[in-house]
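For reference, the structure discussed in these notes is given below.
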Amino acid sequence: VGPYVLVTPNETRRKQLQQIAKKELDDLEQWKKEHRPGPITLVPQRLGGNESEAQVRQNQQMILLQSKYQKKHKREEYVKAKKAAEEAEILKKKAIQREKAERLEVKKRQEEMLRREMLLEDQKYKTNELLNRLDVGLPKTDSCQIASPGPKSTAWKRSHAYKQALRENENRRLEEMKQEQQRKAELMEFKEKQKEEIRTRALKNEQRSCLQSLFIFYFTLRVNNAFLDRLQNKTQPNNIYHSGCTG
């Protein structure tokens, strides 16, 4: 510890400061006493209203019930709106996914039809090439007529029957494709009708629940009014109205 200097307090200066502070506090108390507000004098007035205490209490009870049901109704409306928004968002996403799936399905069907057409064209080309080779190996028509003017040759009949079978097979495939497309269209229409019925049923259920809530609110209000009427009849014997009651 380094050196330090001890200064002795000035007792005279301390007493002077204490006297000044005491004088200021006494002056403040004196000023408060002099400026203290006097008594308040009011003109007597008659308080209260034209309604009785029972009616006021009944009105208070009604306001309390209404505020309670209003808060409950607002809360239910908020929950319904939030749920409807979430369902709408989900339906929107489902519709987008369904549209993508339908476009993909249409693209696949188109590619499949194109592939089948190319395959049929290739089969036709190969069949015609094979028949042309068979026709080259057959004798001339004139020579056939000169040699044997009888019925057509077996090779020609075979090639004609093969061509007829190919045409029938192609027509059958086209008919099957048309029937498949028609079945898919009917299935999509049936699904859309089911969705529309589900939406209509949900809307009817929501309307029914709203009507039930309104009926419960009205019934509760009637019961409360009847209870308050009985209470008022008990508190006021012979149903005498006192107009001088204060509210």
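In this text the structure is predicted, and so the values were computed from the model without any measurement. Atom set for the values below is all heavy atoms of this structure, side chains included, hydrogens, waters and symmetry mates excluded. Positions are given from 1, in the same order as the sequence printed here.
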- The ring-ring contact (aromatic ring centres under 6.0 Å, His included) partners of Tyr69 (sequence neighbours excluded) come to Phe217
- Message: Going by the rule side-chain hydrogen bond (donor to acceptor under 3.5 Å, both in side chains), which residues pair with Arg36 if we only count those two or more places apart in sequence or in a different chain?
- Response: none
- So Arg14 and Asn10, side chain to side chain contact (heavy atoms under 4.5 Å, CB included) or not? Walk me through it. CA-CA 6 Å; Arg14 180 184 293 178; Asn10 193 351; over 6 Å; no
- Note on the structure: Output for pair (His35 NE2, Gln30 CD), nearest 0.5 Å, gives 10.5 Å
- Query: About how many Å separate CD of Gln70 and NE2 of His73, when rounded to the nearest 0.5 Å?
  - Reply: 9.0 Å
- Item | Trace of the side chain to side chain contact (heavy atoms under 4.5 Å, CB included) decision for Glu111 with Arg115 | CA-CA 6 Å; Glu111 291 177 354; Arg115 190 181 66 80; over 6 Å; no
- Query: In Å and rounded to the nearest 0.5 Å, what is the CD to CD distance from Glu102 to Glu99?
  - Reply: 7.5 Å
- Query: How far does CZ of Arg98 sit from NZ of Lys195, to the nearest 0.5 angstrom?
  - Reply: 3.0 Å
- Task: Evaluate whether atom NZ of Lys80 has more than 12 neighbouring non-hydrogen atoms of other residues, nucleotides or ligands under 6.0 angstrom away.
- Result: yes
- Does the pair Arg116/Glu112 count as a salt bridge with the N-to-O cut at 4.0 Å? yes
- Message: Would you say that more than 12 heavy atoms from the other residues, nucleotides or ligands in this model lie under 6.0 Å from the CE of Met177, or not?
- Response: yes
- Message: Between Thr220 and Leu65, does the side chain to side chain contact (heavy atoms under 4.5 Å, CB included) criterion hold? Intermediate values first, please.
- Response: CA-CA 9 Å; Thr220 308; Leu65 288 173; 5.7 Å; no
- Task: Decide if atom NZ of Lys72 counts as having more than 12 heavy atoms of other residues, nucleotides or ligands within a radius under 6.0 Å.
- Result: no
- After noting the C-alpha distance and the side-chain angles of Asn224 and Gln61, does the key distance pass the side chain to side chain contact (heavy atoms under 4.5 Å, CB included) rule? CA-CA 9 Å; Asn224 291 329; Gln61 184 72 16; 5.6 Å; no
- Query: So which pairs with a foot in residues 57-70 pass salt bridge (Lys or Arg N to Asp or Glu O under 4.0 Å), sequence neighbours left out?
  - Reply: Glu53-Arg57
- Is there a donor-acceptor contact under 3.5 Å linking the side chains of Arg172 and Asn169? yes
- Message: Rounded at 0.5 Å granularity, tell me how far NZ in Lys23 sits from CG in Leu25.
- Response: 11.5 Å
- Item | Ion pair Glu180/Lys184, N-O distance below 4.0 Å | yes
- Message: Lys193 vs Glu197, test: salt bridge (Lys or Arg N to Asp or Glu O under 4.0 Å). Steps then yes/no.
- Response: CA-CA 6 Å; Lys193 287 183 179 179; Glu197 290 178 357; over 6 Å; no
- Do you know the tightest heavy-atom contact between Arg208 and Asn205? NH1-OD1, 2.8 Å
- Going by chain and number, the hydrophobic cluster around Leu42 (ILVMFWY, side chain to side chain under 4.5 Å) further includes Ile40
- Query: Which hydrophobic side chains are connected to Val223, either touching it within the sub-4.5 Å cutoff or through other members that do?
  - Reply: Phe219
- Message: Nearest 0.5 Å, please: how far is CD in Gln19 from CG in Leu17?
- Response: 9.5 Å
- For Leu114, what are the other residues in its hydrophobic cluster, where any two members join if their side-chain heavy atoms are less than 4.5 angstrom apart? Met118
- Task: Report yes if the side chains of Val106 and Arg109 come closer than 4.5 Å at any heavy-atom pair, otherwise no.
- Result: yes
- Message: Taking the basic N atoms (NZ, or NE/NH1/NH2) and the acidic carboxylate oxygens, is any pair closer than 4.0 Å for Glu196 and Arg199?
- Response: yes
- Query: What's the verdict on salt bridge (Lys or Arg N to Asp or Glu O under 4.0 Å) for Asp26 and Lys22, showing C-alpha distance, side-chain angles and the deciding distance?
  - Reply: CA-CA 6 Å; Asp26 294 338; Lys22 185 178 179 181; 5.6 Å; no
